[in-house]
Each structure stands twice: as C-alpha cells, then as structure tokens.
Amino acid sequence: MRHQPVHSSFFNKPTLELAQALLGKILVKETAEGIAAGIIVETEAYIGPGDQAAHSFNNRRTARTEVMFGPAGYTYTYVMHTHCLVNVVSGAADSPEAILIRGVEPVEGMELMYQRRGPVKREQDLTNGPGKLTKALGIVKEDYGRPLWEAPLYIAEGNEPELTAAGPRIGIDNSGEAREYPWRFWVSGNRFVSGTKKNNIIK
DNA sequence: TCACGGATGTCCT
DNA sequence: GGACATCCGTGAT
C-alpha cells in the first residue's frame with residue numbers, strides 16, 4: 001500500500017483546527033522491518049503559554065520542549081516512564097503548541113504491530129493508547145524533531161471521519177482550569193479510541 | 001541526587 | 001469495568 005504524505009503547509013493552521021484535521025489522516029512509520037501505519041482516531045491539543053497541562057506552559061523552555069518553539073509539522077516525542085508518546089508540533093515559531101496523538105486504527109503492518117506489542121487479547125489493544133501506538137508503529141524518542149511530511153515518519157492523506165466528538169482531556173487533573181477545556185478530539189464510536197469514557201461528548 | 005509525571009497491564013470484584 | 005503497582009527519563013537542587 002502506498003501512502004501520500006500531506007504537504008508541509010497542512011500543519012499551517014490553528015492548533016485546535018489542526019487537531020481535528022488530523023482525525024482520519026494516517027500516521028506512517030517506515031523502518032527496516034517494514035511499514036506500519038494507522039488512521040488517527042484520537043488527538044489532544046496542548047497550547048503552551050496558557051495551558052497548565054502542557055510541558056511548555058508559561059513558555060517553559062527546556063531541551064525537551066525546544067522543538068515546540070519551532071515551526072509546525074515536526075515531531076515531539078516525549079518519554080514517559082517506559083513509554084514513548086508522540087506529538088505533532090503546531091503553531092508558529094515561538095508559539096509552543098502541540099497535538100498529542102492518543103489513538104490510531106491499524107491499516108498496514110499488523111504483523112509488525114503484533115510482533116512489537118506481544119500477545120494482546122483484542123485487536124484494539126494494539127493501538128488504543130498513546131504509549132501503545134508508538135510501540136506498535138515503532139516510533140521512538142529518536143524520532144524527536146523529524147518533519148512529519150516525509151519518510152520515515154509522516155502524516156498521510158486519509159478519509160474524512162464520518163462523525164467526530166470533542167471533550168475534556170485525559171490525565172491532567174492537576175492542571176487547574178485547563179482540564180475543563182474540550183481539547184480532546186476523537187472519531188465517534190471508534191474502537192481504537194483510548195479510555196472507556198466516551199460519553200462526555202460536546203460536539 | 002531527588003522529586004516529579006501519567007500510561008500500562010494485571011488483578012480484583 | 002475499576003483500582004493499583006510499576007515503569008524511568010527529565011529537570012531542578
């Protein structure tokens with residue numbers, strides 16, 4: 001299967017808009033072992049300066065958050081304990097915003113994914129979480145800073161999802177009022193959306 | 001050297 | 001489906 005990367009200008013839109021535009025697109029990772037790809041079904045927006053949940057809150061600039069201060073369309077990988085999370089940098093340069101990819105639906109390289117993830121009970125356990133999908137796709141922290149419109153790691157054109165939903169983000173209970181923001185977006189009813197509470201639908 | 005962060009998987013009900 | 005133990009890299013002291 002061939003995937004058509006998006007143009008670099010695709011990332012040139014407001015973060016909240018981009019977070020929704022990413023739903024239905026395909027996240028592709030090419031490695032020596034082969035290609036693994038999945039449709040993006042869940043995202044979360046993080047808008048640095050005023051968002052207490054973001055690593056770049058209050059323009060906090062460190063080696064880790066550096067890439068978020070660059071132009072949009074680059075990869076921000078974030079190692080959390082044993083897991084690696086993948087984000088799409090958004091916003092203009094000096095505007096530290098990013099979109100976390102929380103769930104994908106496999107479309108290519110299922111064998112690779114099973115190989116990398118080990119035995120899982122259900123198919124959706126392969127990629128229905130931010131740490132799971134990076135492992136399944138073979139995304140590692142070394143992908144930090146890569147442009148997302150060309151191989152080996154890129155966003156490819158896909159089909160518009162039929163119905164999307166929005167709601168509060170996950171796992172940021174200590175982030176003040178920012179936790180109320182409906183900045184999590186997902187494809188309604190999709191099996192590969194993380195978590196079990198899919199009911200706080202705003203849109 | 002230490003405090004901190006949040007997803008995963010397993011066990012339990 | 002819910003609760004809990006475990007995992008380790010980053011940044012500040």
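Please read all numbers here as calculations on a predicted model, not as lab measurements. In the text below, chain A, chain B and the rest are named by the order of the sequence lines, each starting its count at 1.
Residues passing the side chain to side chain contact (heavy atoms under 4.5 Å, CB included) test with A/V67, sequence neighbours excluded: A/Y74, A/Y76, A/V89, A/Y144.
Proximity of residues 112-137 of chain A to DNA chain B (heavy atom under 4.0 angstrom from any strand atom) is restricted to A/R117, A/G129, A/P130, A/G131, A/K132.
Taking OG1 from A/T77 and CD1 from A/I139, the interatomic distance works out to 9.0 Å, rounded to the nearest 0.5 Å.
Backbone-only contact: A/R102 has heavy atoms under 4.0 Å from sugar-phosphate atoms and none from a base.
In this structure, the OH atom of A/Y78 is 7 Å from the C1' atom of B/dG6, given to the nearest Å. Between A/H83 atom NE2 and B/dT8 atom P there is a gap of 6 Å when expressed in whole angstrom units. Here the C1' atom of nucleotide B/dA7 and the CG atom of A/N87 are 14 Å apart, to the nearest Å.
Taking all atoms of both residues into account, the shortest heavy-atom contact from A/I40 to A/V104 is CA-CG1, 4.1 Å. Closest non-hydrogen pair, A/E157 versus A/I26, comes out as O-CD1, 3.5 Å. The two residues A/K25 and A/G158 make their nearest non-hydrogen contact at CD-N, 4.0 Å. Minimum interatomic distance between A/Y154 and A/W149 (heavy atoms only, all atoms of both residues): CB-C, 4.0 Å.
No option in A/Q124, A/R102, A/K132 other than A/R102 meets the side chain to side chain contact (heavy atoms under 4.5 Å, CB included) test with A/S194.
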>> Base contacts versus sugar-phosphate-only contacts with protein, heavy atoms under 4.0 Å: please encode nucleotides 8-13 of chain C as B, S and - from 5' to 3'.
In response: BSSSS-

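Between A/E42 and A/R184, at least one side-chain N (NZ, or NE/NH1/NH2) sits under 4.0 Å from a carboxylate O, which counts as a salt bridge.
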